[in-house]
Amino acid sequence: MSRPKETRMNPWMKWILLATPLALTQCRSSAVAPIGTVTPDGNNNVMLAHGQGDVAYEGPTHTFSPRPHPPRHRSDAAPPNLAALPKMVSRIDQCYGPSGGAIASGGSSGGSIARPTKRPAPPKPKYKQVTYSGGGSAPPPSPSRVQTTPTAGTLGKGGGAAGRGSSSGFEAGMAAPSSPPPPPVTTSKSANSRAEAAADVRVVEKAEKKKDRGRGRDKAEEAPAASAPAPAEAQVARGDAEDESSVAYEPVPRDSDDSQYSDWGQATYLSNDDTMSLSSAQRVIFAIDKFLPVPLEHIRPHELLNYFSFETAEVAPTDDFSVLPEIAKDPKQDGIYNLALAIRGRPVDKQARRNGNLTFVVDRSGSMSDEGRMDYLKRGMRRMMGELKTGDLVNVVLFDHEVCVPVESFVVGRDKPEVLEKAIEKMKPRGSTDVHAGLTRGYELADRGYQPTYNNRVVLVTDALANTGNTDPRTMAMVAKYYDERKIRLSGVGVGTEFNDALLDKLTERGKGAYVFLGSEAEVDAVFGSRFISLLETTAMDVHFQLHLPPSLRMDVFYGEESSAVKEDVQAIHYFANTSQLFLSDVMARGKKLRPQDQIMLTIEYEDPESGQKMVEERAFSLGEIEREAYNIRKGRLLIAWADRLALMASRPQPIGTAPVAGAWIDADGWQQCEQGKADLRDMAQGMNDPEVTRVLSLWDKFCARYEQPRNPVRRTPASGPDAWPSAR
């Protein structure tokens, strides 16, 4: 959109103003860099040869020099020494006795287990500033798009991350305890131990609250850094929930004058999803299939992009990642180009994956009897047994209002599988839900049986409807973060239509693990079967992705969860095995034309999960080589459009008297908007022979089927005989 007429500069004035600095530059000393060169800061001296706006940008070709990295040579994991693993302890009779009673904190441990001598110590805090989301509120609104403002600082964070922020170190200004916090529910500890544990929790909670109070002040201090107010779309993306109902899912009008932006060539850290989770996408699809309302906070475009598949490049045997880049002109926005980076991690199979020290923390509270949740859970765990490999070490922790450990230190290939099968089969719902007690006990077992060469992981399976014990999400998230620093990871599995998404999201964010939702038998079989490795194994730890742009481009919109020019503002992720991500963004071309000779570069910094060594892989690509109307970009556009339309419909007032059946929602305007969306999506899908695209279209049709089709009134004169009742005439 052009500027208002009264503020538009006369073209002749632009020539006069531009001529003055050009003439002065020619008279300067030869020590001054000539026009069009790239100075050490990358873009300070780059100019347009004939003014700003629609005139083509001119300057030297901008290229990058990727750092070489040593080849990664991977082999199958070495067979474990089964005799050296802890001895199995079975408490099945105690946990499933006739009285149904459970032994708090798992009862006797059956003897202490020595901790490995080379146990990693928790890292010290690195940063004074820590942003924390606090509370148990639902995630922010769905449109995870970041409309950047013309500043050289932070570009902003996507909608899914609003209020979540990055965190590093145990707590601001605090050292981590020298030993793990004891579980709050216990009978084997002394009163002094319990008092010490309570004191530890109070200290950490106090620090969390102090940090939350300072967050508002921190944001106020950062506000002057912005040179222009953020567009309305950016405010929604950062989590301004009060504006949700007025979101317009159209491109934000942009001024054609490039000079208003100071972030040309800005290197940007990107995170598609800081927990590698799929829960919101699974819940959206579940709600559509069941004709249930789709909450706006569940529509997270970055998770939808992760849920569906895209074309990727093969990972070279010497690499841990592959990158398939594509860029194409946006069909609806002048000067905007869609950039897609399909990133894939090295493949890992059952034989190649590390052995696991796996602690399953299982919710058996009364609410697990609803909707067949316990049946899903047991089906999944039985399916999981076929994915275990010799040497895997398994703990099972059950929790309701009490905690019990029916199986501790079960070793696959050494102990009888009937023991684990029996523990799974006897699970029955009972009691209330103390998530904190179960999670803390699970971490304690995982920590005590820690294996340095194993993948040490806690898997929490729950509806997360905490109603007993310590229900503060901050305390539970603190425990998850503390043990993550002790190299014990967390994965979450949510069950039930009403499961506490916000709590599980917060726990896995702090534990840097994935979490998924079990909404159908097919999802159960996938999570605990073919995708079980992706739930457990990580191929890279503490990963940061950084996109380097030439001075002819700037980041305009990022359809992920977090983006910033400051590394500490973007939370590092653990990259899970056999997964891929599509980093989709809109970039603005200076002068509205793409320069094919310029390059972009992606830097991937991470830690090797086996050796702990710091790694870097970099890829550089010429824009001319990757410019095409690519399949990934078309599919990405379609999924974002689908998510936008779902969010628009979810923000509408829900009709009164709705029912989970087709045609029950009476809303003529809603039906009309659905029909328009159906036509738009089908136009975008033309020529795309992809079963997942077909599935998306069918999901939109299914979503729209909840609306009753409006009936056109037809005037009739009914016959009324003389013998009819008066009120029938």
Side-chain angles (χ1 to χ4, degrees), residues 1 141-145 147 159 231-233 235-237 240-253 280-281 283-301 304-305 308 330-333 497 557 559 634-688 690 692-716:
M1 181 180 294
S142 69
S144 291
R145 54 179 63 192
Q147 178 73 44
E233 191 175 10
Q235 295 171 3
V236 174
D240 295 339
E242 65 271 13
D243 295 331
E244 288 175 18
S245 61
S246 60
V247 178
Y249 296 92
E250 295 294 336
V252 177
S280 70
R283 296 190 76 184
V284 165
I285 294 173
F286 177 84
I288 291 175
D289 281 335
K290 302 294 183 182
F291 296 104
L292 299 173
V294 181
L296 184 62
E297 63 268 17
H298 291 174
I299 306 170
R300 304 172 193 159
L304 288 170
L305 288 175
F308 292 95
D330 190 286
K332 296 182 179 180
Q333 304 177 81
T497 57
V557 176
Y559 296 94
R634 289 195 62 196
K635 189 171 181 179
R637 287 175 185 155
L638 176 71
L639 289 173
I640 294 298
W642 178 53
D644 283 351
R645 283 157 178 77
L646 282 175
L648 187 63
M649 300 303 293
S651 65
R652 292 181 58 81
Q654 186 173 326
I656 299 175
T658 57
V661 293
W665 293 41
I666 303 175
D667 182 352
D669 187 53
W671 179 85
Q672 184 61 45
Q673 290 193 32
C674 251
E675 288 296 298
Q676 182 60 53
K678 187 182 300 184
D680 293 342
L681 293 174
R682 294 195 181 280
D683 286 344
M684 297 180 71
Q686 285 289 337
M688 299 181 69
D690 183 334
E692 290 186 350
V693 170
T694 303
R695 171 66 167 149
V696 168
L697 297 179
S698 68
L699 283 169
W700 183 256
D701 292 345
K702 185 74 172 287
F703 176 84
C704 293
R706 67 187 58 203
Y707 291 100
E708 180 188 56
Q709 182 173 351
R711 298 180 177 86
N712 295 323
V714 178
R715 189 178 301 277
R716 295 187 179 91

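Below, each value reflects all heavy atoms present in this structure, side chains not excepted, and no hydrogens, waters or symmetry copies. Because the structure is a prediction, the values reported are computed rather than measured. Residue numbers start at 1 and run along the sequence shown.
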Quick check for you: to the nearest 0.5 Å, what is the distance between [X] atom [atom1] and [Y] atom [atom2]?
{"X": "Gln709", "Y": "Glu675", "atom1": "CD", "atom2": "CD", "answer": "7.0 Å"}
{"X": "Leu292", "Y": "Arg283", "atom1": "CG", "atom2": "CZ", "answer": "10.5 Å"}
{"X": "Arg637", "Y": "Tyr559", "atom1": "CZ", "atom2": "OH", "answer": "9.5 Å"}
{"X": "Cys704", "Y": "Gln672", "atom1": "SG", "atom2": "CD", "answer": "11.0 Å"}
{"X": "Leu638", "Y": "Gln686", "atom1": "CG", "atom2": "CD", "answer": "11.5 Å"}
{"X": "Asp644", "Y": "Asp680", "atom1": "CG", "atom2": "CG", "answer": "11.5 Å"}

Residues which pass salt bridge (charged side-chain N to carboxylate O under 4.0 Å, His left out) with Asp667, listed by chain and number, not counting sequence neighbours: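 Asp667 satisfies salt bridge (charged side-chain N to carboxylate O under 4.0 Å, His left out) with Arg652 once adjacent residues are dropped.
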Evaluate the side-chain proximity of [Y] to [X]: yes if any heavy-atom separation is below 4.5 Å, no if none is.
{"X": "Asp289", "Y": "Leu699", "result": "yes"}
{"X": "Phe703", "Y": "Met649", "result": "yes"}
{"X": "Arg634", "Y": "Met684", "result": "no"}
{"X": "Leu646", "Y": "Ile288", "result": "yes"}
{"X": "Glu708", "Y": "Trp671", "result": "no"}
{"X": "Arg695", "Y": "Ile285", "result": "yes"}
{"X": "Phe308", "Y": "Val696", "result": "yes"}

Test side-chain hydrogen bond (donor to acceptor under 3.5 Å, both in side chains) applied to Asp701 - qualifying residues, sequence neighbours left out: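 Asp701 satisfies side-chain hydrogen bond (donor to acceptor under 3.5 Å, both in side chains) with Arg682 once adjacent residues are dropped.
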Backbone of Trp700 reached by a side-chain donor or acceptor of Arg645 within 3.5 Å: no
Residues Trp665, Gln654; criterion side chain to side chain contact (heavy atoms under 4.5 Å, CB included); working and verdict: CA-CA 8 Å; Trp665 293 41; Gln654 186 173 326; 4.0 Å; yes
Heavy-atom closest pair, residues Leu304 and Ala643: CD1-CB, 3.6 Å
Ala287 versus Pro293, closest heavy-atom pair with distance: CB-O, 3.8 Å
